[in-house]
Amino acid sequence: MRDPYEVLGIAPGASDDEIKAAYRKLAKKYHPDLNGGSADAERKMKEVNDAYTYLIKNKGQGSYGSSGSGYGGSSSSYGGYNPFGGYGSQGGYGDYRSGGSSQQGGYDFGGFQFFNFEDLFSGGSRSYQSTSYYENDPIFKNVEQMVLAGRYGDALNALKRIDQRKAAWYYWSARANMGVGNRLAALNDARTASQMAPDEVAYRELLAQLNAGGQAYGYRGGSMGGLNCCSSPMVTCCMMNMLCNCCCGRGYYGCC
Amino acid sequence: MGKVIGIDLGTTNSCVAFLENGEAVVIPNAEGGRTTPSVVAFSKDGERIVGSAAKRQAITNSDRTIFSIKREMGTDNRTKIDGKNYTPQEISAIILQKLKMDAEAYLGESVTDAVITVPAYFSDSQRQATKDAGRIAGLNVLRIINEPTAAAMAYGMDKGGAQRIMVYDLGGGTFDVSILDINNDVIEVLATSGNNRLGGDDFDNCVVSWLLNVFKRQEHIDLSTDQAALGRIREAAEKAKIELSAALSTTVSLPFLYSDKNGAKHLETTLTRATFDELTAHLVKATTGPVEQALRDAGLQPGDLNRVLMVGGSTRIPAVQAAVKRITGKEPSRDINPDECVALGAALQGGILKGEVKGLVLVDVTPLSLGIETMGDVFSRIIERNTILPVQRSQIFTTAASFQTAVDIHVLQGEREIASCNKTLGRFRLTGIRRAPRGVPQIEVTFSIDANGIVHVSAKDLGTGKHQEITLTQSSNMSSEEIDRAVRDAQRYAEEDALRKKRAEMQNRAEELMYQAKNAQKKLNPVDKERIEGMRKRVKQAMDSGNDRELKEACEDLTDALNAVGRYVDPSDMDDQDGAMDADIQN
């Protein structure tokens, strides 16, 4: 792990202007465009970009640790352990689907359980954007974006301004705290969230992971069982199809 | 070393530039225009027409004329002409071919290397499609760069001091906002945002539907399905829009727009700027979201900007300028040519890549987030949008099910949280994972984007060291065989076009010769006169029958005969084309 200040050749605690000036100097030296696309220059530039992004864009927070260029410690620090979907324990590929969704029959409908029909068809601006019920509260939409973008400090600040502290508040606070490396606070928040909404799998899992040794699970959109608003996988499946149609039927541009 | 050209492949107009002594210069097209309409038409006899000629004939040939193909880039939509399905790449390639030929004619040398611009908000597949179009047109695309960035380069070239600028680029079909930092010859893109389906065309459409309504009210006739009338209305709408940028009101006058048994109907009305602004207010408003988004992503307040650059023809609309002023609190700068600066910037970037421009460097970002699909149709971002390039990022993932031995890496691009709502870039499978309870295997997924914007994804099982990777260089809707075939088709058409041109030249020459012969006959003795007359008839017959070789021989004989009697006038540049014509016609 190399110190980002060292990569940029500046003293720790350098001002933003100093960081930027150092970055510009290095960009002029190592940018692949100025080096005939050399692979060495590209590797060096990636390192410089990472250090610069860490210090300036993320203000010392976020995903420096998950960079692939040799920074940032253990793989479990911030990276997130997201489970891949769609593969059966049976090991056979016969029933694996190569379509747009990774869902497998009768299995793992997590994520979709959180949609309700009003949200799907109301045509409201946020209808299709949430992945789980705790984000259906618009207050947490911003927080979620910040956490996903690795702006954990901003997320914590935003959370501070929210008075209504539901289970979701503690969940996101836990994730943001986890992001900045405050594991104790994260553990406390995750515990509170889980106590307030004991049925919520995502909360429980977060707590379990924190207890298990601090591996930061980035995203776990729910797992088996616990279908909240639909009683059977068939209904969920049907909903999922409609959702896909809603989202994607309008074509790529309309949707994104 | 050949010259590199910079191409602004626009929705409605395209522009080409090159570097002359370190300075970017626009190359005029064969018709003398500095921009070329991005319009392709197929004439009734299959000839391809590109540019202003295609635009002019659009009204009478609307179903074989293709406008705004850029809006289709990256989609599977095909245009069917004469039984052949054209991909958007192939149509774009026809435009690029014309631009390339015009540049070659102007520079007097062959051109292969090019930098092509795309809207900053284009997705990876749209960029790949643009690259494919270049390849089909016979261009070696050195780099695809973002239009607002190119504009900023053209602007920032000789501005020494540190500046933070916003580029507001409202083109014919796309809208982009970029915020850039120019300091000490390093151009750094801080954030970029936009809307791929918002542009001048939409303003035209508003006026078109307004005019249709006016006509309907006046004459009780709905012209919305009358293609010929629509073509004229569309043209008038665009003209009215342009005029309203300078005038407060304009008259739309379309005589004989429609006729039935009651006689001809005309459309004559006045459109004021106020009405126009009202009709298009929602479009102007739609540009504020991306502006705010870009500011937010860059972590800036409007007050932090030193300058707002306006790019694209649609920024001439007064309501657009007023809106930009309102959002940013800055008087928009108009000291660059909004139609040409993008091509100029592209030429500059070409110069940087070729080492002709020293000291200047562009640090670009990726416009959209990249990631993979994880359990529950969740989009897990690995590289966030607006990340500086080149970049490499890794994340560790695990299995969703116990004893799962394979994972499908589904590579996606977009901003939606739901994986299936984002755009698939590719997929591959990592197999042979050691059987273990779910959550135990560690699979490291690494995304890497080089300075060219090419995405490389690899997955590695940290337990077994098994490794699988993919490089995303192909657009998803055209296989490399299809592209190769399109390249060959394009070359064949270029040759056919050249042959067609030569044939036309030969016909001209034959007519010229017959005219000379006719004049000469008046002053010749009867014997010569008779001989020349016979030859003249042979030329005429060959011309009518369309037999190229016969025509060529007949022309040569007639030329010789005229020479013999001292009556031949040599049209200066005919000789050197003869040899080439021989070869072509015999093929």
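Computed from a predicted structure; not experimentally measured. Residue numbers begin at 1 in each chain, while the letters A, B, ... track the order of the sequences.
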Residue from B/L389, B/N195, B/I382 scoring the most non-hydrogen pairs under 4.5 Å with chain A is B/L389
Which atom pair, heavy atoms only, marks the closest approach of [X] to [Y]?
| X | Y | answer |
| --- | --- | --- |
| B/V363 | A/A27 | CG2-CB, 4.2 Å |
| A/D33 | B/A451 | OD1-CB, 3.9 Å |
| B/V391 | A/K46 | O-CE, 3.6 Å |
| A/K28 | B/G359 | CE-O, 3.0 Å |

Is B/D181 salt-bridged to A/K20, cutoff N-O under 4.0 Å? no
Between B/R393 and A/D50, is there a salt bridge with N-O shorter than 4.0 Å? yes
Could you walk me through whether A/H31 and B/V186 pass side chain to side chain contact (heavy atoms under 4.5 Å, CB included), step by step? CA-CA 10 Å; A/H31 198 284; B/V186 177; over 6 Å; no
With only heavy atoms counted, which part of [X] is less than 4.5 Å from chain A, the side chain, the backbone, both or neither?
| X | result |
| --- | --- |
| B/R143 | side chain |
| B/I449 | backbone |
| B/L412 | neither |
| B/L362 | backbone |

Determine whether more than 12 heavy atoms belonging to other residues, nucleotides or ligands lie under 6.0 Å from atom NZ of B/K460. no
Find the distance between CG (B/N184) and NZ (A/K25) and round it off to the nearest 0.5 Å. 10.5 Å
